[in-house]
Amino acid sequence: MKRRDFFKASAIGLTIPSTIIKGQKINISKNNPVILSTWNFGLNANIEALKELKNGGNAMDAAEKGAMHAESDVENTSVGFGGLPDEKGKVTLDACVMDRSGNAGSVAFLQNIKHPVSVARKVMEETKHVMLVGEGANQFAIKNGFKEKKLLTKKSKNEWKKWLQNRREMTPHETHDTLSILVQDKKGDLAGACTTSGWAYKMHGRVGDSPIIGAGLFLDNEVGSAAATGLGEEVLKTTGSFLVVELMRQGRSPQEACEEALKRVIKRHNGNPDFQIGYIALRKDGEIGSACLKWSFEYALAKNGSNKLYKINGLIQS
Ligand code: SD4
């Protein structure tokens, strides 16, 4: 076929765009958006993301809108407004975004700003940098029109005060519920976001995996995307999301890639980790995968006109 004919054929939909992953031809999913996000509040995040896609937004717009929903949700005590504070009673937020061009933005240890995901996007779009933290991130947010807001609610303050009485270290899976969201839009492009208030009653200054590109979130628009939830320290030590995407690049399915990344963690912990990690992965052809270490994990998948919650069991049964 001549080059001109090829483009004509593409325009009328005769050719299916594809990408080669490890010698394997993968058809790129187009005109059929996929949204994959963590935990049960992912369902509402997916709805917001879908609305954004329907209104003409791209994958990045949709991922941001989905994450913003979780950040506003006061019932969600692990993300944004209403998130449980650190040991000093401060709500400190971590978030990051990545777009189809491999651009990335991130904020960590951000306080008093309701939508860290949007600040992360601004860092990506308005600065030469990838990551801003703490006071500097806060000043940047205010300069860019974000309003300061007290994020500690009456309820979360009371919970913290109760915790102060014995300062029992929370096991991360008791309070962790980060929102990670992966979107593929109708053009087939990928974007993702990750947002959290982190480990409840954490050490003041602690930052987890969620704002770290390659740990909490990673994508390569030619291959796929991945994101994490769970004990950030262990995701960081294995560069979890990057690993999942690289495994897909090497020909593993999204499911196999999530499982293999977790198997490395299991090995590091002599077969019996006592914490949780969950991964979600979305390949360029719209196929998804998800796995968790222990207990169970839920992800929300919006695809082919439905938006459903799926519960999976851990690779290790204890
Ligand atoms: C963190 N990974 O701060 C986050 C928390 C989380 O489900 O994912 N909770 O370590």
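Note that ligands are numbered from 1 as they come in the structure, with each ligand's atoms numbered from 1 the same way. We're numbering straight along the sequence, starting at 1.
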> Heavy atoms, side chains only, cut-off 4.5 Å: are Leu293 and Leu315 in contact?
no

> Assess whether a salt bridge exists between Asp61 and Arg121, defined as any Lys/Arg side-chain N lying under 4.0 Å from an Asp/Glu carboxylate O.
yes

> Check whether Phe297 forms a cation-pi arrangement with Lys311 (NZ or CZ under 6.0 Å from the six-membered ring centre, at most 45° off the ring normal).
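Because its charged atom misses either the 6.0 Å distance or the 45° angle limit, Lys311 does not stack over Phe297.
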
> Kindly identify the option in Lys202, Glu234, Arg206 whose heavy atom sits closest to atom 3 (O) of ligand 1.
Arg206

> Compute the shortest N/O to N/O distance between Thr196 and ligand 1 and return yes if it is under 3.5 Å, no if not.
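For ligand 1, there is no N or O atom that lies under 3.5 Å from one belonging to Thr196.
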
> Please state which part of Asp177 comes within less than 4.0 Å of ligand 1, counting heavy atoms only: side chain, backbone, both or neither.
backbone

> With rounding to the nearest 0.5 angstrom, report the OG to CD1 distance, Ser118 to Ile113.
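It is 10.5 Å, given to the nearest 0.5 Å.
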
> Find all atoms of ligand 1 within a distance of less than 4.0 Å from any non-hydrogen atom belonging to Ser210, and give their numbers and elements.
2 (N), 4 (C)

> Are any of the heavy atoms in Ser78 under 4.0 Å away from ligand 1?
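Ser78 does not count as a contact of ligand 1 under the 4.0 Å cut-off.
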
> So is Gly232 polar-close to ligand 1, meaning N/O to N/O under 3.5 Å?
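By distance alone, the answer is yes.
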
> Check ligand 1 against Asp209 and write out every atom of the ligand that is under 4.0 Å from a heavy-atom position of the residue.
1 (C), 2 (N), 4 (C), 10 (O)

> Sort out for me which residue in Asn304, Leu301, Val183 forms a side-chain contact (heavy atoms from CB on, under 4.5 Å) with Val34.
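Exactly one option meets the side-chain contact (heavy atoms from CB on, under 4.5 Å) with Val34, and it is Leu301.
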
> Show me which atoms of ligand 1 lie under 4.0 Å from any heavy atom of Thr229.
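Atoms satisfying the 4.0 Å criterion: 6 (C), 7 (O), 8 (O), 9 (N).
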
> Rounded to the nearest 0.5 Å, what separation is found between the CG atom of Leu243 and the CD atom of Glu260?
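Separation between the atoms: 7.0 Å.
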
> How long is the straight-line distance from CG of Leu84 back to CH2 of Trp163, given to the nearest 0.5 Å?
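So the gap between those two atoms works out to 11.0 Å.
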
> Can you confirm, on distance only, whether ligand 1 has an N/O atom lying under 3.5 Å from any N/O atom belonging to Gly198?
no

